[in-house]
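Okay, structure first, notes after.
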Amino acid sequence: MLLSPSIRSAFTPTGKLRASINLGNPILAYRDADGGARGVSVDLAGEFARLLGVDLERVVVDAAGKSVDVVASGAADIGFFAIDPVRGANIAFSAAYVLIEGCYLVKDASPIRANEDVDRAHNRVVVGKGSAYDLYLTRTLRQAQIVRAPTSPTVVDTFLESGADVAAGVKQQLEADARRSSGLRLLDGRFMVIQQAMGTPKSRGEQAAAFLAQFVEEMKASGFVADALVRHGIEGASVAPAAG
């Protein structure tokens, strides 16, 4: 990749690369024993900062919606998001680097047995506010009511406290919550596949967006993303194919 001074400046208006790190998605980032942020997105941000030849500043948030806000407003220079047309109004996305499954969780006693049973008029479905699942299900559910938890990690707690019928989110997060709370089960299959991408404010220009997109393709092709998934013990997510 050809790094020009103008592209470096586009990504580093403060002299550092400010990367929004969302701890609300455990596949992307999590806190280590010392309280620091680690994960696939942190590794990618660090590698991109190294390529630019600048220091990395982590802008840590706890929800996808907050990550979108800080990047769209220009308070961060790059971020890691599920591709969605609503978010694309102000953010230029790369192609996906990771594919993540979105699943439903219900109580053991629930009559809901399959994904197709969820969209019924009497059902209430809990999602993380502003998450990819919120955006997707808001467009696709026709009868069920959506209940929004403050963040994705609080979805199951909100589901249990509110007496709702379904929790929706990252498969790995739901599996972990099901293990700590008895009487819960995941429905078979998935209701969506999330294309997780990198993004930068559209205001940074087309050249910067193209440079970031090329970086993502090289990180997939080189094995960097696959190695990061293994390094952080991530299961249930796969490296996205090369952009067509």
Side-chain angles (χ1 to χ4, degrees), residues 11 16-52 54-71 75-84 87 91 93-103 128-133 149-156 169-177 179-180 193-200 212-213 215-240:
F11 284 112
K16 297 181 180 180
L17 177 69
R18 299 169 299 169
S20 178
I21 304 296
N22 172 27
L23 297 178
N25 185 337
I27 288 178
L28 301 182
Y30 57 92
R31 289 206 181 276
D32 61 20
D34 298 324
R38 297 188 63 206
V40 177
S41 61
V42 178
D43 292 354
L44 282 168
E47 186 66 11
F48 193 58
R50 187 196 64 76
L51 176 65
L52 295 176
V54 298
D55 291 334
L56 175 66
E57 179 182 334
R58 301 172 187 176
V59 182
V60 180
V61 298
D62 62 2
K66 295 178 182 178
S67 188
V68 171
D69 289 343
V70 296
V71 173
D77 308 304
I78 62 169
F80 301 83
F81 319 97
I83 298 172
D84 186 272
R87 296 170 175 174
I91 295 174
F93 293 110
S94 69
Y97 63 90
V98 159
L99 303 179
I100 303 173
E101 293 181 316
C103 297
K129 183 178 180 181
S131 67
Y133 313 100
T151 64
S152 291
T154 62
V155 162
V156 172
V170 176
K171 181 179 181 180
Q172 287 74 12
Q173 181 76 58
L174 296 180
E175 286 176 331
D177 289 332
R179 286 193 292 269
R180 68 177 174 83
V193 175
I194 294 175
Q195 299 183 72
Q196 200 71 38
M198 292 182 70
T200 192
L212 183 64
F215 168 77
V216 168
E217 292 309 304
E218 293 193 4
M219 291 299 96
K220 291 187 293 187
S222 69
F224 185 96
V225 176
D227 290 344
L229 290 172
V230 172
R231 182 165 55 251
H232 295 288
I234 303 302
E235 299 178 354
S238 59
V239 179

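The basis for the numbers below is simple: all heavy atoms, side chains too, and nothing from hydrogens, waters or symmetry mates.
A donor-acceptor pair is defined here as one N or O able to donate and one able to accept, closer than 3.5 Å; no such pair exists between the side chain of R18 and the backbone of V59. Using a distance-only test at 3.5 Å, with no hydrogens or angles considered, no donor-acceptor pair links the side chain of T151 to the main chain of G24. Using modelled atom types, no side-chain atom of D34 and backbone atom of G36 make a donor-acceptor pair closer than 3.5 Å. A donor-acceptor pair is defined here as one N or O able to donate and one able to accept, closer than 3.5 Å; such a pair exists between the side chain of R58 and the backbone of A37.
Contact between V61 and S20 at its shortest, heavy atoms only, is CG2-OG, 4.1 Å. The minimum heavy-atom distance between V155 and G128, with the atom names listed, is CG2-N, 3.3 Å. A pairwise comparison of heavy atoms in D77 and F11 identifies CG-O, 3.0 Å as the closest pair. Here the closest non-hydrogen pair linking F81 and Q196 is C-NE2, 2.9 Å. Closest approach of I234 and P26 over heavy atoms only: CD1-O, 3.8 Å. Smallest separation of non-hydrogen atoms from A96 and A240: O-CB, 3.3 Å.
Atom NZ in K171 sits 12.5 Å away from atom CD1 in I100 (nearest 0.5 Å). Remark: F93 CZ to I83 CD1 distance equals 6.5 Å, nearest 0.5 Å.
Evaluation of the ring-ring contact (aromatic ring centres under 6.0 Å, His included) rule for F224 yields no partner, not counting sequence neighbours.
For NZ of K220, the number of neighbouring non-hydrogen atoms (other residues, nucleotides, ligands) closer than 6.0 Å is greater than 12.
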Exercise. Show your working on side chain to side chain contact (heavy atoms under 4.5 Å, CB included) between V225 and L44 and close with a plain yes or no.
Key: CA-CA 8 Å; V225 176; L44 282 168; 4.3 Å; yes
Practice problem: Carefully, step by step, assess R31 and V60 under the rule side chain to side chain contact (heavy atoms under 4.5 Å, CB included). | Solution: CA-CA 10 Å; R31 289 206 181 276; V60 180; 3.7 Å; yes
